[in-house]
Each structure stands twice: as C-alpha cells, then as structure tokens.
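In what follows, a structure is listed as structure tokens, so that the remarks can point back to it.
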Amino acid sequence: MLNFIQISSSLLYAAFVLYLIAVLFFSGAIREKGKEEISSHKNRWGKIGIALAIAGFISQIFSFVTRWIAGGHAPISNMFEFISFFGMMIVGAFILIYFIYKINVLGIFALSVAAILIAYGSMFPREINPLIPALQSDWLFIHVSTTATGQAILAISFVAGLIYLLKAINPAVKDKRSFMLEVIMFGVICVIGFIAVTSSFAIADYKAEFNWVDKEGNEKVMKYQLPALVGPNEGTMSTTDRFSPIVEMPAIIHARKLNTVIWTLLSGTVFYTAIRLLTRKRISQILHPVVRKVNLDLMDEISYRSVLIGFPVFSLGGLIFAMIWAQIAWTRFWGWDPKEVWALITFLFYAAFLHLRLSRGWHGEKTAWLAVIGFVIIIFNLIVVNLVIAGLHSYA
C-alpha cells in the first residue's frame with residue numbers, strides 16, 4: 001500500500017509541475033500572437049501548452065486511481081483529496097473548452113487557479129484514514145464527484161469573468177470597480193501566501209498538541225501544524241516550547257481550522273503588501289498586459305456557457321444527490337446544516353445569474369461580476385464553512 005501512496009503523490013506532483021509549465025507556454029503563445037486572440041490553433045506555443053495540460057491531467061487521473069487503490073475507497077473524503085479532485089476537474093473542464101474556443105489566455109488563468117488549489121489542498125493532512133461510518137456509502141463518490149465537477153465548470157465561468165474584468169476595467173483609475181477587482185486579487189495572494197507559510201512550518205516540522213473539550217463534553221486531542229493564534233475550547237497545550245494561543249474559541253468553532261483561515265489572511269496581507277511595495281502597482285495592473293488583446297464578447301460567451309453547463313451539474317450533485325444520501329444516512333433529506341445552507345445559497349445565486357442573463361438581458365461586465373461573486377461563494381463554502389463552522393460536514 002505504501003508504494004501506491006508514494007506513486008500517487010509523485011504523480012500529483014508531476015501534474016502540478018506540468019500545469020505550471022503549461023502556463024508558461026500559454027504565456028508565450030500570448031506574446032507570439034500579434035493579433036486579437038480569437039482563434040490560435042496555429043500557435044505552436046499554444047499547442048505545447050495544451051499538450052502539457054493534457055499530460056498533467058492524465059498524470060493526476062492516475063494519481064487519483066492509485067490513491068483509490070491504496071485507500072480502498074474514493075479519495076474525496078477530506079480537504080486534501082477533495083481540493084485535489086476539484087483542481088483536476090477544473091483542468092478537465094478547461095481542456096474541453098480549449099478545444100472549442102482555442103483561447104490561450106484562458107489556459108494561463110485556469111491552470112493557475114487549478115495549480116493554486118492543488119497546492120493549497122496539499123497543505124492539509126494527506127494521510128489515508130478509514131472512512132467514518134457516515135461516509136461508508138457509494139453515494140460518497142456519486143455526490144462529491146458530481147458536485148466538484150459542477151463547481152469546476154463554474155470555475156471556468158469565474159476565470160472567463162475575471163479575464164473580462166481585467167481587460168474592461170482600467171486598473172489605473174481608482175474607483176469602486178478597480179477596488180473590488182483588487183480585492184479579488186488579494187484573495188488569490190492570500191492563498192499563495194498561506195501555501196508558502198505552511199510549507200515553511202512543515203519543513204521546520206512544527207507541531208503542537210492540545211487537550212480540549214468538544215461541544216458534547218468529550219475530552220479530545222487536537223494537533224496544530226501552525227502556531228496556534230487561537231486555541232480550542234478549554235484547551236491545554238501538551239507540547240512544550242510552542243506558541244501559546246492568544247484567545248480560546250468556543251466548542252462550536254473548530255479552532256485549528258479557524259487558525260488556518262487566520263494564517264491565510266495574515267500571510268496574504270504580508271505577501272500582498274510586499275508585492276505592492278516592490279512593484280508600486282496593483283496586482284490587476286500587473287496582469288492587465290496579459291489580457292489586453294482578449295476578445296471581450298468571447299469571454300462573455302464562455303462565462304455564460306460555463307454557467308449554463310455547470311449549474312445543472314452542480315444542482316444534481318450538490319442538492320439532489322446530497323438530499324438522497326442525507327435521507328439514507330440521517331433519515332431526513334434536509335436539516336439546515338451549514339454546508340447544506342451554503343449549497344442552497346450557491347444554487348440560488350447561479351439560478352439568479354441565469355435569470356438575469358436570460359430575462360433581464362444582463363451581459364458583459366455585469367455577468368462577469370456575477371461569475372466572480374459566484375466563485376467566491378464556492379470558495380467560501382469550501383474553506384470557511386468547512387474549516388470554521390462546526391456541522392455534520394466538519395469531517396471534510
């Protein structure tokens with residue numbers, strides 16, 4: 001089993017590297033293309049880029065399969081596995097869309113988002129553990145894989161919408177539009193900063209353990225891989241020479257996961273400030289030259305069609321399959337668990353997106369903002385709801 005785990009990790013790392021190299025080739029394709037990028041199938045850099053993306057996608061599929069063999073169950077039961085699968089499906093969705101539209105700039109952003117997510121997921125524990133009773137069902141793979149696939153397609157809508165905004169909004173003008181766009185860029189930098197900080201503490205082999213009491217009054221042990229800025233309920237540190245928590249959290253809050261979110265924001269703030277001081281430019285200003293030749297109407301079409309496809313797939317997995325499994329596992333199809341609530345919010349938001357697009361004629365910058373906001377909701381559900389709010393899905 002150990003060999004399969006090692007093979008899976010190596011294949012995932014290879015996929016990650018291939019995605020990053022593919023981004024470089026797609027960037028080369030943008031520089032080589034002298035005209036507005038509408039069809040770039042003759043661009044040699046773009047051909048190499050998509051070939052590398054496909055190779056990385058295949059490598060990650062084999063990583064997924066070998067981890068499945070090693071664990072004996074579908075590897076989508078914890079944060080590392082789910083986020084890795086989510087990133088893989090974003091790449092798969094991009095590859096399909098690329099062969100329809102042949103847009104190189106889409107590869108730069110889609111593969112970057114996938115690579116960042118995979119790296120972020122890799123910061124969580126990667127051990128293979130037996131499934132808890134609630135997850136020992138075929139519905140685990142059916143529900144989670146369909147939900148992740150739908151969200152991955154919706155992520156392409158976000159990528160296209162972000163590209164649209166980077167092109168349409170003048171970053172040099174300090175108004176509400178450029179400010180909100182920079183807030184999105186800050187969020188991306190937060191994730192990158194967290195990856196760097198977590199990697200540093202992992203290399204230093206930082207660990208701290210707390211004895212604490214959960215909301216049922218049971219005594220448990222909680223392990224930290226980052227300095228504990230916030231501690232668990234009635235927590236007592238059992239590890240010596242480690243940073244003591246500044247504040248103690250109530251049992252309803254998962255302290256270690258909240259600590260992860262805080263470190264994400266702190267590291268992102270430091271990295272963002274450093275970039276601004278070094279370049280004296282907003283992040284959106286730095287990226288603006290990459291998208292200056294983009295066809296806005298084409299980006300708008302890709303964003304809309306991605307929602308048109310991703311919305312029903314997400315609805316099927318995130319609501320219908322979820323309710324069927326909830327009825328089987330918990331004898332009720334709906335219970336207002338935080339994860340269920342945010343799945344419903346996501347569904348209603350994208351339903352509103354399509355309504356405004358089809359009935360009210362919204363398009364262009366308006367729907368680009370909606371695509372970006374929709375993905376923010378997905379990421380909030382993935383990170384904050386999973387890591388901070390205690391509920392029936394907290395095991396994820």
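Since we're looking at a predicted model, the values are computed, not measured.
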Main chain of G364, side chain of T367: is a donor-acceptor contact present, judged purely on distance under 3.5 Å? yes

When you check the side-chain N and O atoms of R282 and S178, is any donor under 3.5 Å from an acceptor? yes

Under 3.5 Å, is there a donor-acceptor pair between the D300 and S303 side chains? no

I'd like to know if the side chain of T66 and the backbone of S63 have a donor-acceptor N/O pair within less than 3.5 Å. yes

Can a donor-acceptor pair be found, under 3.5 Å and without considering hydrogens, that links the side chain of N259 to the backbone of L229? yes

Can a donor-acceptor pair be found, under 3.5 Å and without considering hydrogens, that links the side chain of T264 to the backbone of V191? no

For Y164 and E365, what are the C-alpha separation, side-chain angles and deciding distance, and is it a side-chain contact (heavy atoms from CB on, under 4.5 Å)? CA-CA 7 Å; Y164 188 105; E365 187 174 327; 3.9 Å; yes

Any chance you could lay out the side-chain contact (heavy atoms from CB on, under 4.5 Å) test for T147 and F314, step after step, and finish with the verdict? CA-CA 5 Å; T147 302; F314 169 78; 3.8 Å; yes

With R242, which residues qualify under side chain to side chain donor-acceptor pair (under 3.5 Å), at least two apart? none

Looking at every heavy atom in both V91 and A53, which two are closest together, and how far apart are they? CG1-O, 4.1 Å

Would the distance check show the side chain of T239 and the main-chain N or O of E209 forming a donor-acceptor pair, the cut-off being under 3.5 Å? yes

Specify the closest pair of heavy atoms between Y224 and R256, including all atoms of both residues, with the distance to one decimal. OH-N, 3.5 Å

Using modelled atom types only, decide if a donor and an acceptor are shared between the side chain of Y350 and the backbone of V307 within a distance under 3.5 Å. no

Take atom NE2 in H73; do more than 12 heavy atoms of anything else shown fall under 6.0 Å from it? yes

Geometric class of the Y206/F201 ring pair [parallel <30°, tilted 30-60°, perpendicular >60°]: perpendicular

Give a yes or no on whether the backbone of P125 and the side-chain of Q225 come within a donor-acceptor separation of less than 3.5 Å. no

When every non-hydrogen atom of Y120 is compared with those of I195, the smallest separation belongs to N-CD1, 3.5 Å

How far apart are the C-alpha atoms of L18 and F57, what are their side-chain angles, what is the distance that settles it, and do they pass the side-chain contact (heavy atoms from CB on, under 4.5 Å) test? CA-CA 9 Å; L18 287 169; F57 182 66; over 6 Å; no

Provide the closest heavy-atom pair for L166 versus H288 in the form atom of the first, atom of the second, distance. O-ND1, 2.7 Å

Which pair of heavy atoms, one from P227 and one from F243, lies closest together, and at what distance? CB-CB, 4.0 Å

What verdict does the ring-ring contact (aromatic ring centres under 6.0 Å, His included) test give for W139 and F321, after you've listed the backbone C-alpha separation in whole Å, the side-chain angles of each residue and the deciding distance to 0.1 Å? CA-CA 8 Å; W139 283 102; F321 289 162; 5.8 Å; yes

Could you tell me how the ring of F186 sits relative to the ring of Y272: parallel (under 30°), tilted (30 to 60°) or perpendicular (over 60°)? perpendicular

Before giving the answer on ring-ring contact (aromatic ring centres under 6.0 Å, His included), spell out for F94 and Y19 the whole-Å C-alpha distance, their side-chain angles and the decisive distance to 0.1 Å. CA-CA 12 Å; F94 157 70; Y19 295 153; 9.5 Å; no

For atom CZ of F62, is the number of surrounding heavy atoms from other residues, nucleotides or ligands below 6.0 Å larger than 12? no

Does the side-chain contact (heavy atoms from CB on, under 4.5 Å) test come out yes or no for L296 and I163, once each step is laid out? CA-CA 9 Å; L296 291 180; I163 293 171; over 6 Å; no

Which residue in the set F349, F347, Y304 passes ring pair (Phe, Tyr, Trp, His ring centres under 6.0 Å) when paired with F311? F347

Main-chain N/O of K281 paired with R276 side-chain donor or acceptor, under 3.5 Å: yes

Closest heavy-atom pair and its distance - A152, I90: CB-N, 3.5 Å

Taking the side chain from E219 and the backbone from N211, do they hold a donor-acceptor pair closer than 3.5 Å? no

Is the number of heavy atoms from other residues, nucleotides or ligands under 6.0 Å of D175 CG greater than 12? yes

Test your reading of the model: is there a side-chain donor-acceptor pair from K167 to the backbone of K293, 3.5 Å cut-off? no

